[in-house]
> 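This is the structure I have questions about; it appears just below.
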Amino acid sequence: MAETINRQWLLAARPEGMLNEGNFKESSSPIPEPGEGEFLGKTLFVGVEPAMRGHMLETSAYAQTMNIGDVIRATGVSQVLKSNHPDYAVGDLVQHSCGFQDYSVSNGAGAVKVPAGVSPEAVLSVFGGTGYTAYYGMVEVGEVKEGDTVLVSGAAGAVGNIAGQVAKIKGASKVVGLAGSAEKCDWLVNEIGFDAAINYKDADVAKQVQEAFPDGMNVFFDNVGGDVLDIALNNLALNARVVICGGISRYNKDHKVPGPENYFNLVYKRARMEGFIIIDNLHRADEFAGAMTPWIEDGRLKYQVDVIEGFENLPNGLIRLFTGENKGKQLIHVGEPE
Ligand SMILES: NC(=O)c1ccc[n+]([C@@H]2O[C@H](COP(=O)([O-])OP(=O)(O)OC[C@H]3O[C@@H](n4cnc5c(N)ncnc54)[C@H](OP(=O)(O)O)[C@@H]3O)[C@@H](O)[C@H]2O)c1
């Protein structure tokens, strides 16, 4: 380990409006030494997710907030370089909260060893919070079943593309994605196996959704909220399930956002709308991974990672989620194993 400097990105200012580079500040400190019961990890890959903007605010709805000057908190895969921890040996690859930095010390809390034969990219996408969110949300909250018609918003994103594929594998008769460009829509249909995709930026998106679901949709898996939630609520089938996974259209808004105008269709259609947070179910990770592994092995479930290079691009990787530049799970490749 020739390096002695630990490069870090710190929280410089809490986000107001659109997340931007001014929210981050580059810094450095000496590489820390692991104490008793700790290990030192070298960051290889970092995964980013939209909720991280919320954790940068003064109060976070469900997670610990960061203080100004803290290293930006994020999950990644590190290689253990030194260890005083009985469960982690030098050379192990570990998924844990490494943060936006080259090196981190951990006491093992929340850390999971990367299983042999599984890549860091897979651990940070399909075999991690992203894949489990898609699976749990679609199967257990959405209760998708054979013959269902399904709409997924944010469909070309990390969770969305997997949620749509899970619906197809479970026998949905039609899965339609909403995404923000013609290129993403083509990708969803031609490579990921969605039956159709609609660019939600088109002026006639409400008409296109209605035409795609002439008898209403059985499941709406929502990553976006706002206008697309309202459009979906206007097109529900009887006993539909509306899965509130995320609401990225509101995350950069500092003012209160109005609720969906069409919510009363939940009554007319005897439908259910339910939110969830996957951290409540992470103890079931092995079960979710077990369900998806055969689908990945036989090629029915593809997972897409969007990897950008370099420590210097860590803030940009997070910002890309809000500008719609990512396709699939956004990862940042920070370092090589030693
Ligand atoms: N409930 C849970 O436990 C849980 C767990 C993980 C994630 N989530 C939520 O699930 C959602 C998806 O997360 P992810 O990690 O898969 O992120 P993601 O979808 O990969 O990344 C964000 C994508 O959202 C779209 N987007 C950005 N701003 C938008 C806007 N204003 N309106 C509409 N679309 C916008 C962009 O795609 P386009 O080009 O299509 O606009 C962008 O590529 C997020 O809302 C996240 O907070 C929830």
Side-chain angles (χ1 to χ4, degrees), residues 15 17-19 46-57 60-63 74-75 124-126 128-138 140-142 151-166 176-188 192 194 197-202 205 220-232 242-254 257 273-282 284-285 288 303-308 316-332:
M18 183 68 177
L19 188 70
V46 172
V48 285
E49 52 176 304
M52 287 170 61
R53 182 194 181 279
H55 304 159
M56 294 163 74
L57 298 173
S60 168
Y62 64 92
T75 298
L124 290 171
S125 56
V126 70
T130 294
Y132 305 153
T133 298
Y135 178 88
Y136 176 82
M138 185 57 80
E140 299 207 11
V141 185
L151 179 67
V152 179
S153 65
V159 172
N161 84 87
I162 297 177
Q165 293 182 76
V166 168
V176 180
L178 289 163
S181 71
E183 192 268 329
K184 287 185 178 182
C185 288
D186 283 349
W187 174 73
L188 284 170
I192 298 301
F194 279 54
I198 297 168
N199 184 345
Y200 70 88
K201 293 176 181 165
D202 287 350
V205 56
F220 175 46
F221 189 106
D222 191 18
N223 289 307
V224 168
D227 292 345
V228 300
L229 173 58
D230 239 339
I231 290 169
V242 177
V243 181
I244 304 297
C245 174
I248 195 166
S249 69
R250 61 187 292 145
Y251 294 175
N252 284 298
K253 292 184 176 154
D254 294 322
V257 180
M273 180 153 85
E274 184 176 334
F276 71 99
I277 296 193
I278 197 58
I279 48 179
D280 299 340
N281 284 284
L282 283 180
R284 296 174 58 194
F288 303 145
Y303 64 91
Q304 166 90 13
V305 291
D306 187 335
V307 185
I308 58 171
N316 182 33
L318 183 55
I319 292 168
R320 279 165 63 92
L321 300 178
F322 300 104
T323 54
E325 284 162 271
N326 70 303
K327 199 165 73 183
K329 178 71 183 184
Q330 182 69 63
L331 302 180
I332 302 94

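One-based numbering, in listed order, for ligands and for the atoms of each.
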> Can you pull the residues with any heavy atom under 4.0 Å from ligand 1?
Pro50, Thr133, Gly157, Ala158, Val159, Ala179, Gly180, Lys184, Tyr200, Asn223, Val224, Cys245, Gly246, Gly247, Ile248, Ser249, Tyr251, Phe276, Ile277, Ile278, Leu321, Phe322, Gly324, Asn326, Gly328
> Is any side-chain heavy atom of Thr75 less than 4.5 Å from a side-chain heavy atom of Leu124?
yes
> Any chance CG of Asp227 has more than 12 other-residue heavy atoms, nucleotides or ligands included, within less than 6.0 Å?
no
> Salt bridge check: are Arg250 and Asp222 linked by an N-O gap of less than 4.0 Å?
no
> Exactly one of Glu49, Lys329, Gln330 should register a side-chain hydrogen bond (donor to acceptor under 3.5 Å, both in side chains) with Thr130. Which one does?
Lys329
> Ring-plane angle category for Tyr251 and Phe322, please: parallel below 30°, perpendicular beyond 60°, tilted otherwise.
perpendicular
> Can you classify the ring geometry of Phe288 versus Tyr132 as parallel (below 30°), tilted (30 to 60°) or perpendicular (above 60°)?
tilted
